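What follows is a single structure, written as structure tokens, with notes after it.
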Amino acid sequence: AQSVSQHNHHVILSEAASLELGCNYSYGGTVNLFWYVQYPGQHLQLLLKYFSGDPLVKGIKGFEAEFIKSKFSFNLRKPSVQWSDTAEYFCAVINQAGTALIFGKGTTLSVSS
Amino acid sequence: GAVVSQHPSRVICKSGTSVKIECRSLDFQATTMFWYRQFPKKSLMLMATSNEGSKATYEQGVEKDKFLINHASLTLSTLTVTSAHPEDSSFYICSARGGRNEQFFGPGTRLTVL
């Protein structure tokens, strides 16, 4: 069965530090990949998505992610984090049937000012 | 952007009672909606896929007689937790599928069963 692994459970950074959150997926075929963010007390919001084309995807709020097919990875990056980036981040992949999202366990990002 | 609402946002009920949660797509039609359960410090677990006008598809391990799903219109799906027990206490989130497989999430419903 498909799965998504997020290796970092909790990341703590100071403002202006660079961020990279790891995401690996198990399916070897065509993949649609997503990063969602959940700010405290708010619902899930889409940060960025990859369907095809340029493997470097730019999202909202200065986030980007790179799809590396050979590594089955879709890591999320931001060059300089802000206190307001404190949130839960989820990587997700569309399942093989193309009908539903499979989520990773999430990474909690805490940014201190 | 596409907006999905859920009602109620929070509900507390006694053990043995049933609770209905509504999920609405406010500015678009969604033939497919999804119901997730989110445990503390855990990821979202897909419970079922709700298709308008047909029976829901449940994920393995999810009791369809306990979690009744109805998707009677293109903008409304309901999840009814029947005979709720304390172990059903959780955060339930719905999403509605828009174009290109993108899902728009509701704000979630916190269910507490006493």
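Keep in mind that this is a model prediction, so the values were computed, not measured. Each chain gets a letter, A, B and so on, in the order the sequences are listed, and its residues count up from 1.
A:Val57 and A:Leu33 end up in the same hydrophobic cluster when Ile, Leu, Val, Met, Phe, Trp and Tyr side chains are linked at under 4.5 Å. By the criterion of side-chain heavy atoms lying less than 4.5 angstrom apart, applied directly or through intervening Ile, Leu, Val, Met, Phe, Trp or Tyr residues, A:Leu46 is not grouped with A:Val93; the two fall into different hydrophobic clusters. In terms of hydrophobic clustering, with Ile, Leu, Val, Met, Phe, Trp and Tyr side chains grouped at heavy-atom distances under 4.5 Å, A:Phe74 and A:Leu109 are assigned to a common cluster. In the hydrophobic clustering of ILVMFWY residues, with side-chain heavy atoms under 4.5 Å counting as a link, A:Ile60 and A:Trp35 come out together. Following chains of ILVMFWY side-chain contacts shorter than 4.5 Å, one can reach A:Leu47 starting from A:Leu19, so the two form part of one hydrophobic cluster.
Summarising the geometry, atom CD belonging to B:Gln38 is positioned 5.0 Å from atom CZ belonging to A:Phe90; distances are rounded to the nearest 0.5 Å.
The parts of A:Leu44 that come within reach of chain B are both its backbone and its side chain, each placing non-hydrogen atoms under 4.5 angstrom from that chain. The contact between A:Gln38 and chain B is made entirely by side chain atoms (from C-beta outward), counting heavy-atom distances below 4.5 Å.
More than 12 heavy atoms of other residues, nucleotides or ligands sit less than 6.0 Å from atom NE2 of A:His10.
Using a 4.5 Å heavy-atom cut-off against chain A, the contacting residues of residues 44-81 of chain B are B:Leu44, B:Leu46, B:Thr49.
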Note to self: Applying side chain to side chain contact (heavy atoms under 4.5 Å, CB included) to B:Phe105 and A:Leu101, what does each step give before you reach the verdict?
What the structure shows: CA-CA 12 Å; B:Phe105 287 83; A:Leu101 280 171; 4.1 Å; yes
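Identified under the ring-ring contact (aromatic ring centres under 6.0 Å, His included) test for residues 37-69 of chain A, with sequence neighbours left out: A:Phe34-A:Phe51, A:Tyr50-A:Phe67, A:Phe63-A:Tyr89.
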